[in-house]
Student: 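Okay, here's the structure, questions in a sec.
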Amino acid sequence: MADDIIAVKPAIAAKARIDAARREAMVAAEAKDAEAFWRGEMTRIAWMKEPTKIKSVDFHGDISIRWFEDGILNASVSCLDRHLATRGDQVAIIWEGDDPNSDAKVTYRELHARVCKLANAMRRLGVKKGDRVCIYLPMIVEAAVAMLACARVGAIHSIVFGGFSPDSLASRIQDSECTLLITADEGRRGGRKVPLKANADEALLTCPSVRHVIVAKNTGGAVEMMKGRDHWWDTITAGEGETCEPEKMNAEDPLFILYTSGSTGKPKGVLHTTGGYLVWASFTHENVFDYRDGEVYWCTADVGWVTGHTYIVYGPLANGATTLMFEGVPSWPDNGRFWQVCAKHKVNIFYTAPTAIRALMRDGEGPVKKHDRSSLRILGSVGEPINPEAWLWYYRVVGEERCPIVDTWWQTETGGILISPLPGAVALKPGSATLPLPGVKPALVDNEGNILEGATEGNLVMLDAWPGMMRTIYGDHARFGQTYFSTFKGMYFTGDGARRDEDGYYWITGRVDDVINVAGHRMGTAEVESALVAHPAVAEAAVVGMPHELKGQGIYCYVTLKTGVEPTEVLRKELVAWVRKEIGPIATPDAIQWAPGLPKTRSGKIMRRILRKIAANETEGLGDTSTLADPGVVQELIDNKVG
Ligand code: PRX
């Protein structure tokens, strides 16, 4: 079943922006003369001064990646101003609240005015080009307004997902020394309130760089406002004008920082710049989703993740699309919510994560079929491998075998989609992200970095740059080179493993490093470990991913307690709550196993390979354990496996 091929339907190919022949022509044109190809594509966004230099990339030495480097632009102009003459009264954002009775529509003209007012207020507070602004907002229109207002004045936004704890918020603010924080009184999710301002107040106790806080009134819940520091959004923007001179930005000036987990240490600030990112966001949004003027497009992600940046805000708005922003969750008030919203707003393109599909699949076809989905034309998937069973359910039940599924593989670092079907051009295989987009040069390498040919399996790397890739880690360019370009010299290493079949199709197998993917959210095992060892009862901890039916991967923790501490059920619960509080609910451990000892090499390195296998119940082929300092601990761990 998994190797089924679903050919492109002739009717879809005939109408699509890109059919198979066009795709081939694009791939060939890019391969022949990349500069000419991207010189053609760069005109999809608005430039104040068009670039003459297209590409300057070096994956060796200090690693330098520059695109369109002498171009001048402002991202907010591409997303707003240039649409005013042609589509000022078209809806830019449809907002659907957590409460099914609340929604709103914002036209391009209104969005432009709201962005300008906030941008003017930010300038008045002293925010200048290059300053960092942290955004900690729920899924309300203000989130998009805040992003674009930052772009307007040349400030670099750093969005922190509203589900992160005060500690996680604080460390991200500190790392990039943000001077302004934009938040809301509270968020709403699934009928519950999230105390954003209270969390922010706690975080700001350790963030001296923040001089001002702008607070959007969302739920109207009571919050404390610190005089001189905190300002209500409505009050501070009330007297501002509805136009605002956009800052002139170089194509390589930073647009945003987004923190993401790696295999070691603290989350890193992935830095994206203006020109290349926006070209890539526009190019991929238009072509992967085959977006057509007037369509309603819905990406269910949160703006706190990269998917929300590129495919709720920048890509769709650069393309003049109508983008839907959803505050709620798929399961509330009931598990037909996604399809009810599709019917209500006549959604044409729907983009979500496999974890949501798997959860909804459990409830059967009833909740889906209750709602009219005849407007749907394209379905998308992102964030983790989609198992063929979930893929087929999505295809058959949700899309009625009418809508192609684009399984889009990419990362925070890549800025936008790299491997994905183009719906009018590429035959589908359930579970495969299929083929690279034009301009993307993947390869599979063995552990020594040798490029493998043909049908094979290996580490997924990129041999050359595309315009939307990250440029550096904020404040730590050496770590950028070390993290992405040192494992395999001269190649960008994704951290993922993949298989390539006889047709050249890619099947992503998951991370090959110590990053786990929990319900489509990336989590560094090192982060969970350091949260655990910060607890006074814990001596040592090792965290690995374990297979999880709904979430893809769950968080499995081996914990060694300090001498004299009793391993009790109460303590287990306390540790789970502790990690949630330290990092946020997305890091909630799924299993904690007491481990009197951990399998270590004689040099003291924890053998995670063994721990992963035990957590996955794959204790048959544990491989060579003879190099362990104390081979006895392995049996002890197997015997006391949790769950
Ligand atoms: O392991 C891959 C997985 O998600 C990782 C990137 O996570 P993040 O930076 O949070 O970005 C998620 C949204 C783009 C990748 O290294 N991943 C993402 N999309 C897919 C995927 N794995 C398989 N198939 C996908 N379509």
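Nothing fancy with the numbering, it's 1 onward along the sequence. Only a predicted model underlies this, so the values are computations on that prediction, with no experimental measurement involved. In each ligand, atom 1 is the first atom listed, and ligand 1 is the first ligand listed. Only this structure's heavy atoms are used, side chains among them; waters, hydrogens and symmetry mates stay out.
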Student: May I ask you to decide whether Glu401 forms a salt bridge with Lys9, counting only side-chain N to carboxylate O separations under 4.0 Å?
Tutor: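 Salt bridge: no.
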Student: Can a donor-acceptor pair be found between the side chains of Thr588 and Arg580 at a distance below 3.5 Å?
Tutor: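 Short answer, yes.
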Student: Residues two or more places apart in sequence or in another chain: which of them pass side-chain hydrogen bond (donor to acceptor under 3.5 Å, both in side chains) with Thr322?
Tutor: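 Result, side-chain hydrogen bond (donor to acceptor under 3.5 Å, both in side chains) vs Thr322: Gln90.
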Student: Side chains of Tyr311 and Thr284: do they bring a donor and an acceptor to under 3.5 Å?
Tutor: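 A pair is found: one side chain offers a donor N or O, the other an acceptor, under 3.5 Å apart.
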Student: Is any NZ, NE, NH1 or NH2 atom of the basic residue among Arg612 and Asp514 found under 4.0 Å from an Asp or Glu carboxylate oxygen of the other?
Tutor: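 So Arg612 pairs with Asp514 through a salt bridge.
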Student: For ligand 1, which of its N or O atoms have a protein N or O partner closer than 3.5 Å, and how long is each gap?
Tutor:
{"from": "ligand 1", "atom 1": "1 (O)", "to": "Asp496", "atom 2": "OD1", "distance (Å)": "2.8"}
{"from": "ligand 1", "atom 1": "1 (O)", "to": "Asp496", "atom 2": "OD2", "distance (Å)": "3.1"}
{"from": "ligand 1", "atom 1": "4 (O)", "to": "Gly383", "atom 2": "O", "distance (Å)": "3.2"}
{"from": "ligand 1", "atom 1": "4 (O)", "to": "Asn517", "atom 2": "ND2", "distance (Å)": "3.3"}
{"from": "ligand 1", "atom 1": "9 (O)", "to": "Thr412", "atom 2": "N", "distance (Å)": "2.8"}
{"from": "ligand 1", "atom 1": "9 (O)", "to": "Thr412", "atom 2": "OG1", "distance (Å)": "2.6"}
{"from": "ligand 1", "atom 1": "9 (O)", "to": "Arg522", "atom 2": "NH1", "distance (Å)": "2.8"}
{"from": "ligand 1", "atom 1": "16 (O)", "to": "Gln411", "atom 2": "NE2", "distance (Å)": "2.9"}
{"from": "ligand 1", "atom 1": "16 (O)", "to": "Asp496", "atom 2": "OD1", "distance (Å)": "3.1"}
{"from": "ligand 1", "atom 1": "16 (O)", "to": "Asp496", "atom 2": "OD2", "distance (Å)": "2.9"}
{"from": "ligand 1", "atom 1": "16 (O)", "to": "Arg511", "atom 2": "NH1", "distance (Å)": "2.9"}
{"from": "ligand 1", "atom 1": "17 (N)", "to": "Gly383", "atom 2": "O", "distance (Å)": "3.4"}
{"from": "ligand 1", "atom 1": "19 (N)", "to": "Gly383", "atom 2": "N", "distance (Å)": "3.1"}
{"from": "ligand 1", "atom 1": "22 (N)", "to": "Pro385", "atom 2": "N", "distance (Å)": "3.4"}
{"from": "ligand 1", "atom 1": "24 (N)", "to": "Glu384", "atom 2": "O", "distance (Å)": "3.4"}
{"from": "ligand 1", "atom 1": "26 (N)", "to": "Asp407", "atom 2": "OD1", "distance (Å)": "2.7"}
{"from": "ligand 1", "atom 1": "26 (N)", "to": "Thr408", "atom 2": "O", "distance (Å)": "2.8"}

Student: May I ask you to decide whether Arg522 forms a salt bridge with Glu527, counting only side-chain N to carboxylate O separations under 4.0 Å?
Tutor: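 Salt bridge flag = no for Glu527 with Arg522.
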